[in-house]
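FYI, side chains are in, hydrogens and waters are out, and symmetry mates aren't considered; it's all heavy atoms of this structure.
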Amino acid sequence: MLAELSGKFALIVLHEREPGTLYCLHHGEPLAIGIGIGEHGVSARAESLLQITDRFVWLEEDDTARVRADAFQVWDGSGEEVKRDIVNYVPSLGRSNSNGSHSPCL
């Protein structure tokens, strides 16, 4: 599906045959998976998920993901399953990278 889309987008899809599973893809827009205890969320803005967690996986350009309450998987643009770093959000500084540096939260 990603190959057929153009422009900037972040999509989150819920399919009726798989209740409780979100499919996510993005290109040119930020998208994060919030890692909670027994629940995960997806948003373009980490701040909207701070009620459930301060730990996030930021998807990279053309990544796709499958997210359930207890697990998630990420694939890169070539379809290979990848592991992305879980980072802690620091509200006053934006999102924290795994190396401790900070960049603005988009």
### Message
Taking atom CD as the centre, does Gln51 end up with more than 12 heavy-atom neighbours from other residues, nucleotides or ligands that are less than 6.0 angstrom away?
### Response
no
### Task
Could you tell me which residues satisfy side-chain contact (heavy atoms from CB on, under 4.5 Å) with Asp76, sequence neighbours excluded, listed by chain and number?
Asp63, Ser78, Glu80, Val82, Arg84
### Query
Only one of Asn88, Ile86, Leu50, Asp85 forms a side-chain contact (heavy atoms from CB on, under 4.5 Å) with Phe56, so which one is it?
Leu50
#### Entry: Over all atoms of both residues, closest heavy-atom pair of Leu31 and Ala10
CD1-CB, 4.2 Å
#### Entry: Stepwise side chain to side chain contact (heavy atoms under 4.5 Å, CB included) test for Arg68 and His40
CA-CA 7 Å; Arg68 297 181 183 136; His40 295 348; over 6 Å; no
### Task
Please name the pair of heavy atoms, one in Trp58 and one in Ala46, separated by the smallest distance, quoted to 0.1 Å.
CZ2-CB, 3.8 Å
### Query
Residues two or more places apart in sequence or in another chain: which of them pass side-chain contact (heavy atoms from CB on, under 4.5 Å) with Ala65?
Cys24, Ile33, Leu59, Val67, Val74
### Message
Give me the atom names and distance for the closest heavy-atom approach of Arg17 to His15.
### Response
N-ND1, 2.9 Å
#### Entry: Donor-acceptor contact present, side-chain His26 to main-chain Ala32, <3.5 Å
no
#### Entry: Enclosure of Ile37 CD1 (heavy-atom neighbours >12, cutoff 6.0 Å)
no
#### Entry: OG1 on Thr64 to CH2 on Trp75, rounded to 0.5 Å
6.0 Å
### Message
For Ile35, is there any backbone N or O sitting under 3.5 Å from a side-chain donor or acceptor partner on Thr53?
### Response
yes
### Query
With a 4.5 Å limit on heavy-atom distance, are the side chains of His27 and Lys8 in contact?
no
### Task
Go through the steps for Tyr23 and Val42 under the test side chain to side chain contact (heavy atoms under 4.5 Å, CB included), then give the verdict.
CA-CA 10 Å; Tyr23 288 91; Val42 180; over 6 Å; no
